[in-house]
Amino acid sequence: MMKLMPNLNPNGWDEMFSNEGVRESYRQVLQTLQSLNHEKLNDKHRQASDFFMNQGITFTVYSDDNQGIERIFPFDIIPRIITQQDWNEVESGIKQRLKALNLFLEDIYNEQLIIKEGIIPASLIASCPHYIQEVHGIKVPHNIHVHIAGIDLIRGAKGEFYVLEDNLRCPSGVSYMLENREITKRIFPEMLTSNHVSMVSNYPMIFHNILVSLSPRNIANPNVVLLTPGVYNSAYYEHTFLARQMGIPLVEGRDLVVNNNKVYMKTTSGLQQVDVIYRRLDDEYLDPLVFKPDSTLGVPGLISAYKQGNVALVNAVGNGVADDKAVYAYVPDMIKYYMNEEPILKNVPTYRMENLDEREMVFANMENMVIKETNQSGGYGMIMGNKATQEELDNAKIAIVGNPRNFIAQPIIQLSTVPCLIDGELKLRHVDLRPYALCGPNGVKIVPGGLTRVALTEGSLVVNSSQGGGSKDTWIVK
């Protein structure tokens, strides 16, 4: 039989167990798991792996020599449960944050009042590689720049939620959230019903309605497409999945053409005007006439059509300035400045290496810090001070002094743990949570759930799939 109570971390928060025993929200789930013998649990684990294999649910990890290795996304069958009360705080906090970030992007590409009034240093924006001067002054539909956001949350030692980072460009992983729920329906159908778990399956419909609402043309059936870099992209599975779920064409740059500042899709019956592009392509590859001239992934003339208001791009161009890790430190100030409110969700304390006092404090406490490059993602360019060698720490200091703008530091926070089924026993593994927020003309909608990412290596705090992490189904229980 499965070992009931793993050894709890005295300095951390566990989602299933407290020092008094099993949390109320998990009682029924644990009873079901205990009623299954070792063989049945392993069967369910195998069933989940087979489902992911047969569905082709994969991602690509790139090695140092740029060789891509395709892997099945590891899935743990024990759900991560969040109570409705906790979820209400998360939901209201994300809605507040996204509203402020949209106001910031509208301001920073137009009047720049937040800089003029000294809330954010002008040098911080000027030195951001993702501030796109070419779209300054642009008017986007309904003043919405972020239509889909993946806001990464962690839970601290007392169970409180913190925002770890904002993903506002091309956030990925939503297909795993949806597929995780599908596999849970297959292996534990009775548990979902008896626990009154909120559904996530309407995400594609909500997102599709938002995409349609952004059409520059006032027509009954606007043409919406998903623009992918192609089969070699690490998230290609997700691109095909979302296009299929929303019933929209999946296109590559070569399938589109710009004529007279309008975008058209090549079809067997001639050119069809495109109204909205959900692009899974980074800014610098979108248009070789404006950005990388050697990009074969984008569409020549696309930015011109975009500036003329003849096509909507989701997400908007230039959002990277708002999810730069150095700008992240100022999001609480944005909430106060634009909305005159206190942040509902806290930031993780963040030290900017351009600030000499903060840098000296970080250098004196490197073993308790995580050092991050401000414009890297996926767990790349990150040093965990408690795991790094002295040589790695010394090299990090040299790099920071050489280019302080390029780095931030944060204290290492013990992420909360959730038991995982490993070798027939419950073993604690660290997790984070990425809810997906959708923003349209009628406000922000967040499906109740998200992608729980798991650091599968014992003791590891790095949950990214690119660094060997896995995932769990996330339940919001009423």
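Counting begins at 1 with the first residue of the sequence. Predicted model only: the values in this text are computed from it and were never measured.
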Between [atom1] of [X] and [atom2] of [Y], what distance do you get to the nearest 0.5 Å?
{"X": "Lys99", "Y": "Ile94", "atom1": "NZ", "atom2": "CD1", "answer": "16.0 Å"}
{"X": "Tyr328", "Y": "Asp166", "atom1": "OH", "atom2": "CG", "answer": "7.5 Å"}
{"X": "Arg279", "Y": "Leu227", "atom1": "CZ", "atom2": "CG", "answer": "9.0 Å"}
{"X": "His145", "Y": "Leu313", "atom1": "NE2", "atom2": "CG", "answer": "12.5 Å"}
{"X": "Ile412", "Y": "Asn386", "atom1": "CD1", "atom2": "CG", "answer": "3.5 Å"}
{"X": "Asn442", "Y": "Ile206", "atom1": "CG", "atom2": "CD1", "answer": "12.0 Å"}

If you count heavy atoms of other groups shown closer than 6.0 angstrom to [atom1] of [X], is the number above 12?
{"X": "Lys346", "atom1": "NZ", "answer": "no"}
{"X": "Arg254", "atom1": "CZ", "answer": "no"}
{"X": "Asp294", "atom1": "CG", "answer": "yes"}
{"X": "Glu117", "atom1": "CD", "answer": "yes"}
{"X": "Met53", "atom1": "CE", "answer": "no"}
{"X": "Lys95", "atom1": "NZ", "answer": "yes"}

Answer yes if the side chains of [X] and [Y] hold a donor-acceptor pair under 3.5 Å, and no otherwise.
{"X": "Arg453", "Y": "Ser471", "answer": "no"}
{"X": "Thr452", "Y": "Asp432", "answer": "no"}
{"X": "Asn102", "Y": "Glu106", "answer": "no"}
{"X": "Asn180", "Y": "Arg80", "answer": "no"}
{"X": "Tyr278", "Y": "His147", "answer": "no"}
{"X": "Tyr237", "Y": "Gln55", "answer": "no"}
{"X": "Asp287", "Y": "Tyr306", "answer": "no"}

Query - Val224: which of Leu214, Leu211, Val314 passes side chain to side chain contact (heavy atoms under 4.5 Å, CB included) - result: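 So, applying the side chain to side chain contact (heavy atoms under 4.5 Å, CB included) to Val224 and each of Leu214, Leu211, Val314, only Leu211 qualifies.
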
Which heavy atom of [X] sits nearest a heavy atom of [Y], and at what distance?
{"X": "Trp87", "Y": "Gly449", "value": "CH2-O, 3.2 Å"}
{"X": "Leu345", "Y": "Arg97", "value": "O-NH1, 4.4 Å"}
{"X": "Ala305", "Y": "Val258", "value": "CB-CG1, 4.4 Å"}
{"X": "Leu226", "Y": "Ala243", "value": "CD1-N, 4.0 Å"}
{"X": "Lys472", "Y": "Cys420", "value": "CE-SG, 3.5 Å"}
{"X": "Pro171", "Y": "Ile148", "value": "CG-O, 3.6 Å"}

Whether the side chain of [X] engages the backbone of [Y] through a donor-acceptor N/O pair (distance < 3.5 Å, no angle test) should be reported.
{"X": "Asp324", "Y": "Ala326", "value": "yes"}
{"X": "Asp255", "Y": "Glu252", "value": "yes"}
{"X": "Gln273", "Y": "Asn223", "value": "no"}
{"X": "Asp323", "Y": "Leu168", "value": "yes"}
{"X": "Thr474", "Y": "Gly450", "value": "yes"}
{"X": "Gln410", "Y": "Ile371", "value": "no"}
{"X": "Arg434", "Y": "Ser172", "value": "yes"}
{"X": "Asp107", "Y": "Leu103", "value": "no"}
{"X": "Ser92", "Y": "Glu89", "value": "yes"}
{"X": "Asn167", "Y": "Gly150", "value": "yes"}

What I'd like to find out is whether the side chain of [X] reaches to under 4.5 Å of the side chain of [Y], using heavy atoms alone.
{"X": "Asn110", "Y": "Lys139", "value": "yes"}
{"X": "His208", "Y": "Gln245", "value": "no"}
{"X": "Leu256", "Y": "Lys266", "value": "no"}
{"X": "Ile114", "Y": "Ile108", "value": "yes"}
{"X": "Arg280", "Y": "Leu242", "value": "yes"}
{"X": "Tyr264", "Y": "Gln272", "value": "no"}
{"X": "Val163", "Y": "Val348", "value": "no"}
{"X": "Val311", "Y": "Ile277", "value": "yes"}

Assess the residue pair Ile219 and Asp275 against the criterion (side chain to side chain contact (heavy atoms under 4.5 Å, CB included)); give the C-alpha distance rounded to whole Å, side-chain angles, the decisive distance to 0.1 Å, and a yes or no.
CA-CA 10 Å; Ile219 56 174; Asp275 301 291; 3.9 Å; yes

Please find out if less than 6.0 Å separates the ring center of Phe75 from that of Phe52. yes

>> For a side chain to side chain contact (heavy atoms under 4.5 Å, CB included) check, start with the C-alpha distance between Asn319 and Leu105, then their side-chain angles and the critical distance, and finish with the verdict.
In response: CA-CA 7 Å; Asn319 282 6; Leu105 283 160; 3.6 Å; yes

Tell me whether [X] is salt-bridged to [Y], with the criterion being a basic N under 4.0 Å from an acidic carboxylate O.
{"X": "Arg359", "Y": "Glu354", "value": "no"}
{"X": "Arg169", "Y": "Asp283", "value": "no"}
{"X": "Glu165", "Y": "Lys325", "value": "yes"}

Mind checking whether Phe207 and Tyr203 have parallel, tilted or perpendicular rings, split at 30° and 60°? tilted

May I ask you to decide if the ring planes of Tyr131 and Tyr109 are parallel, tilted or perpendicular, using 30° and 60° as cut-offs?
parallel

- Axial cation check for Phe363 ring with Lys397, 6.0 Å and 45° limits: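 Judged by the rule, Lys397 and Phe363 form a cation-pi pair.
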
- Message: Please determine whether side chain to side chain contact (heavy atoms under 4.5 Å, CB included) holds for the pair Asn233 and His239, giving the CA-CA distance in whole Å, both sets of side-chain angles, and the decisive distance to 0.1 Å.
- Response: CA-CA 9 Å; Asn233 184 266; His239 306 167; 3.4 Å; yes

Go through the steps to decide whether Ile476 and Met199 satisfy the test side chain to side chain contact (heavy atoms under 4.5 Å, CB included), and finish with yes or no. CA-CA 8 Å; Ile476 310 304; Met199 72 170 190; over 6 Å; no

In sequence, state the C-alpha distance, the side-chain angles, and the governing distance for Lys307 and Glu134, and then conclude on salt bridge (charged side-chain N to carboxylate O under 4.0 Å, His left out). CA-CA 9 Å; Lys307 280 176 150 180; Glu134 288 82 357; over 6 Å; no

